[in-house]
Amino acid sequence: LRPAAEHWHELLLVHSKRGDAHSVLTTLSSMAEADCPFDPTLRPEVVDMFARRGDVKMVKRLVAGAGAMPPDARAAALVRAYFSADRPLAARTVAENALRMGMQDSDALWFDLAAGLANRGLAQEVDSVLGRMAVVKPELADKLRFLKIRAFVKAGDMEAARQAQRVAVEARPRDRSPWLQLLFGLRAVGDEDGMRKVLGEMEASLGPESWLGFVQLVEFLSDRGESGKAFEVLRYMRGRGLAGPRFGTVVRYVLERSDGSAPKDFEREHRLFRRTAEMRFPRPAPGP
């Protein structure tokens, strides 16, 4: 029996989530042989995977044909692919043409254009896009203010990034995005003191919702081999009710990068970590 279309698309989802381009291509080839067309509206994750890899040809192939994506989603995918392929002029041309053709109501198109410019550190151009966006999509422009912070961070202008972050927080006091963008930037330049200062302000402003910011500091310290400091932050998070839904995963992140030991108050997580590791890599059976 031939697998049904939904089974093929389920398989594509599994491979694309793993970022396994080879298996995705093999599955697409098998689908073509089985006369089962790929539907990008069912599995936009597949299109996104190739867009992030900058594979423009593949994205064009996937978004055309049977079950084609809506024009604005197709344009947004191409914008993302061109930016990833380091072809910003082509990305902007596609975006501007789509906007001129009446796709100004597309959140995805505006976002991919602004995010692509921000990732290149083009703060002035991001500001210009946000200004145009504010005319037709004021709520979206307000929501995407954090991209200015990202642009300044990418350009290496941390003072301007801090200023943009303060403006964004005033506009949307309960939004975590401005805080996280600034933390990503401080983490990238290795500014531990700066991260700790921002986290103090973030906790005062957002309370328990600031847990994801503290995860940035924990990962940063772990990556530098400072697991002792990382456990101190984890202990603080637990004591202040900042554990968040991924606390166990974050502890595992630290343990994977430490010498394998853990403080006594993390013994339960350590036991679970060891048990999981043994399930993944079982000890060899004793010899005769």
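Each residue takes its place number in the sequence, starting with 1. Note: hydrogens, waters and symmetry copies are ignored here, and every other heavy atom, side chains too, is used.
The two atoms that bring Pro44 and Met69 nearest to each other are CB-CE, 4.1 Å, heavy atoms only. Closest approach of Val126 and Ala118 over heavy atoms only: CG2-N, 3.5 Å. The shortest heavy-atom contact between Val47 and Pro40 is CG2-CB, 3.9 Å. Nearest heavy atoms, Leu12 versus Val46: CB-CG2, 3.9 Å.
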For residues 96-107, please give each side-chain donor-acceptor pair under 3.5 Å, one per line with the distance, not counting sequence neighbours.
residue	atom	partner	partner atom	Å
Glu96	OE1	Arg132	NH2	2.8
Glu96	OE2	Arg132	NH1	3.0
Asn97	OD1	Arg100	NH2	2.6
Asn97	ND2	Thr93	O	3.3
Ser106	OG	Asp72	OD2	3.0
Ser106	OG	Leu109	N	3.1
Asp107	OD1	Lys137	NZ	2.7

Contacts table for residues 198-207: side-chain donor-acceptor under 3.5 angstrom, sequence neighbours left out:
residue	atom	partner	partner atom	Å
Glu203	OE1	Tyr236	OH	2.7
Glu203	OE2	Arg240	NE	2.9
Glu203	OE2	Arg240	NH2	2.9

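Contacts of Gln163 classified as side chain to side chain donor-acceptor pair (under 3.5 Å), with partners at least two apart in sequence or in another chain: Arg166. Partners of Asp175 by salt bridge (charged side-chain N to carboxylate O under 4.0 Å, His left out), not counting sequence neighbours, listed by chain and number: Arg172. Among residues two or more places apart in sequence or in another chain, the salt bridge (charged side-chain N to carboxylate O under 4.0 Å, His left out) test is passed with Arg150 by none.
Rounding to the nearest 0.5 Å gives a distance of 11.0 Å between CG of Leu62 and CG of Asp39.
Sorted by first then second residue, the salt bridge (Lys or Arg N to Asp or Glu O under 4.0 Å) pairs that include residues 115-125, not counting sequence neighbours, are Asp86-Arg120, Arg92-Glu125.
Partner of Glu192 under the side chain to side chain donor-acceptor pair (under 3.5 Å) criterion, chosen from Lys197, Lys229, Arg187: Lys229.
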> Which is it for Val215 and Tyr253 under the side-chain contact (heavy atoms from CB on, under 4.5 Å) test, yes or no, and what are the steps along the way?
Replying inline: CA-CA 10 Å; Val215 170; Tyr253 186 95; over 6 Å; no
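Taking 4.0 Å as the cut-off between side-chain N and carboxylate O, Asp55 and Arg80 do not count as a salt-bridged pair. Contact check on Glu219 versus Arg257 returns no salt bridge, with no Lys/Arg side-chain nitrogen under 4.0 Å from an Asp/Glu carboxylate oxygen.
Looking at Asp142, its side chain never comes within 3.5 Å of a backbone N or O of Pro138 through a donor-acceptor pair.
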